[in-house]
Asker: 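For reference, the structure I am asking about is given below.
Side chains are part of it too, since the values below use all heavy atoms of this structure and drop only hydrogens, waters and symmetry mates. So that the names make sense, note that chain A is the first sequence line, chain B the second, and so on, each numbered from 1. Only a predicted model underlies this, so the values are computations on that prediction, with no experimental measurement involved.
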There are 2 protein chains.
Amino acid sequence: MATKNQASGGVSRQVLADHVYEALLVALMDGRLEAGTPVSIDGMARELDVSPTPVREALARLEATGMVRRAALRGYRVAPLFSPEELADLMDARLVIEPANAFMACKHADPQLPGQLEQAIEDLKAAPRGPSFAEFRAYWEADERFHRLIAESADNQFLLSAYNALGGQVQRFRFFGGLGVTDADYAISEHTEILKAFVAGNAELARQKMIDHIEGAKQRSQHDSEVRS
Amino acid sequence: MATKNQASGGVSRQVLADHVYEALLVALMDGRLEAGTPVSIDGMARELDVSPTPVREALARLEATGMVRRAALRGYRVAPLFSPEELADLMDARLVIEPANAFMACKHADPQLPGQLEQAIEDLKAAPRGPSFAEFRAYWEADERFHRLIAESADNQFLLSAYNALGGQVQRFRFFGGLGVTDADYAISEHTEILKAFVAGNAELARQKMIDHIEGAKQRSQHDSEVRS
DNA sequence: TAAGCGTAGATCCTATAGGAAATGCGATTC
DNA sequence: GAATCGCATTTCCTATAGGATCTACGCTTA
């Protein structure tokens, strides 16, 4: 996410910290690193066959996403999975931010946006939905891209930061580790409704459809939580 | 901000990275590190007489606040000051998040909250307002505490994260470097209005007063931007 | 005069080593 | 039997060193 490979070149010896970040992300999403597990800097360095320095930097970045937590002089631990209450809180927070994003993005009326949104929906339809992160990663990225496109088109870097900070956008998908994606059909349908509002240029409708979508996701996530427990 | 000193002990040998973080923060707020200036890891390490490792970690944390930006293999640079347009965007983002915080916080009706808010207002009145960060730091902290108390009382960790992510709460005050605080009287008055709504337990009024406050701050910040340019 | 190249310096990135603190376990004592 | 103390191991934190890359400056050449 935060890293981007430079366009020119090709191989472009990537920074090690990026590899470590990626490896930790996959491990977290697959559920291999369970909630509460301590993440030893030295240990992880041995496991990935690198020095502790890039591991330290990768963990510092991960901490900002909320995936791990740091206690001074005690190291990092994997953040706990969301409780149903926290998941509901996350959706409430999204209900504050994302409808506003949709409204503003629709106001700006970027002519390229509808096409990009449609592409994201198509990718969502095509993506596999298996239980391992390697499988549902494409789904996650398509879903994320849809919401991020809207957040970016709102053209307000701070709202974008706020959206990013929710982070739960990432964490939410940790639930799918070992389960697979469960709400694809609903999500595709609701995304399409939002797209329609954008095509029509109806900002107020876009806001409302976004509300509908997130409230739907909220209810479905509650159901998933109960299944898992 | 993000760091907390452990309660017991007292001296509690702080982590060096925290000192570096603090030093960089002060330098940024005072305007000693101007926008666009490269922040050399090795150079900063020499200047602060530490090794590059804690500097690297401090910069990684600062990057998450938006105060500095990192280009892979090229190091860090001080993020540019906000343009008037960006400042307006920041206020628009606050208008999305903070009124919702106020509404929810008032709904929760923590009996301790009004007293704490009043204390924050009193501190705001008492704080000096000079042009250097050392002088107006107390003011900044009292203002920050007022808004943060409300954000925390909303009792939704994600909205709190979103509020933190704005970060502009910090950056905004970079404008006061060399100028001093300019809108203290207005801020105190508006904060008091918000407090009244909390005391009355009127959530809808709290939301509205927060809107009034931020819109006021928006207009005043625009004025400051013009003065500075 | 302007453009291209090469070298020197600075900087980033990674690895390694060592001191300090924290955790865990066993022995001792009340 | 339970609690406390002490030691060993693990882990974090910081410093130092070296290789790789980028930047800047001066020189050569057309």
Asker: Between A:Ile41 (CD1) and C:dA15 (P), how many Å, whole number?
Answerer: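 For the pair A:Ile41 CD1 and C:dA15 P, the rounded distance is 14 Å.
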Asker: Applying side-chain hydrogen bond (donor to acceptor under 3.5 Å, both in side chains), can you list everything that pairs with B:Asp42, at least two apart in sequence or on another chain?
Answerer: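 Partners of B:Asp42 by the side-chain hydrogen bond (donor to acceptor under 3.5 Å, both in side chains) criterion come out as none, since no residue qualifies.
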Asker: Restricting to pairs with a member in residues 115-124 of chain B, which pass salt bridge (Lys or Arg N to Asp or Glu O under 4.0 Å), not counting sequence neighbours?
Answerer: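 Every salt bridge (Lys or Arg N to Asp or Glu O under 4.0 Å) pair that includes a residue of residues 115-124 of chain B, provided the two are not neighbours, is B:Glu122-B:Lys125, B:Asp123-B:Arg145.
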Asker: Is a side-chain donor or acceptor of B:His108 paired with a backbone partner of B:Met104 at a separation under 3.5 angstrom?
Answerer: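 Checked: pair present.
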Asker: Does B:Arg46 make a side-chain N or O approach to OP1 or OP2 of D:dT16 shorter than 4.0 Å?
Answerer: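 No, outside the criterion.
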Asker: Angle class for the A:Phe82/B:Phe158 ring planes (parallel below 30°, perpendicular above 60°, tilted otherwise)?
Answerer: perpendicular
Asker: Looking at CZ of B:Arg137 and CG of B:Leu25, how far apart are the two atoms once the value is rounded to the nearest 0.5 Å?
Answerer: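 If I round to the nearest 0.5 Å, the distance is 6.0 Å.
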Asker: Heavy atoms within less than 4.0 Å of DNA chain C: which residues of residues 51-60 of chain A have one? Give them sorted by number.
Answerer: A:Ser51, A:Pro52, A:Thr53, A:Pro54
Asker: Atom CG of A:Leu48 to atom C1' of C:dT14: distance rounded to whole Å?
Answerer: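 Whole-Å distance recorded here is 14 Å.
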Asker: Does the side chain of A:Ser40 get closer than 4.0 angstrom to OP1 or OP2 of D:dT10 through an N or O atom?
Answerer: no
Asker: Base, sugar-phosphate, or nothing: which does B:Val39 touch, judged by heavy atoms less than 4.0 Å apart?
Answerer: sugar-phosphate
Asker: Of all the choices, C:dA15, C:dT11, D:dC22, which nucleotide is nearest to the side chain of B:Arg74 once you look at every atom?
Answerer: D:dC22
Asker: If each of B:Gly43 and A:Val50 is mapped to the nucleotide of DNA chain C with the nearest heavy atom, which maps nearer the 5' terminus, i.e. the 5' end?
Answerer: B:Gly43
Asker: Below 4.0 angstrom, N of the basic side chain to O of the carboxylate: do A:Asp89 and A:Arg94 qualify?
Answerer: no
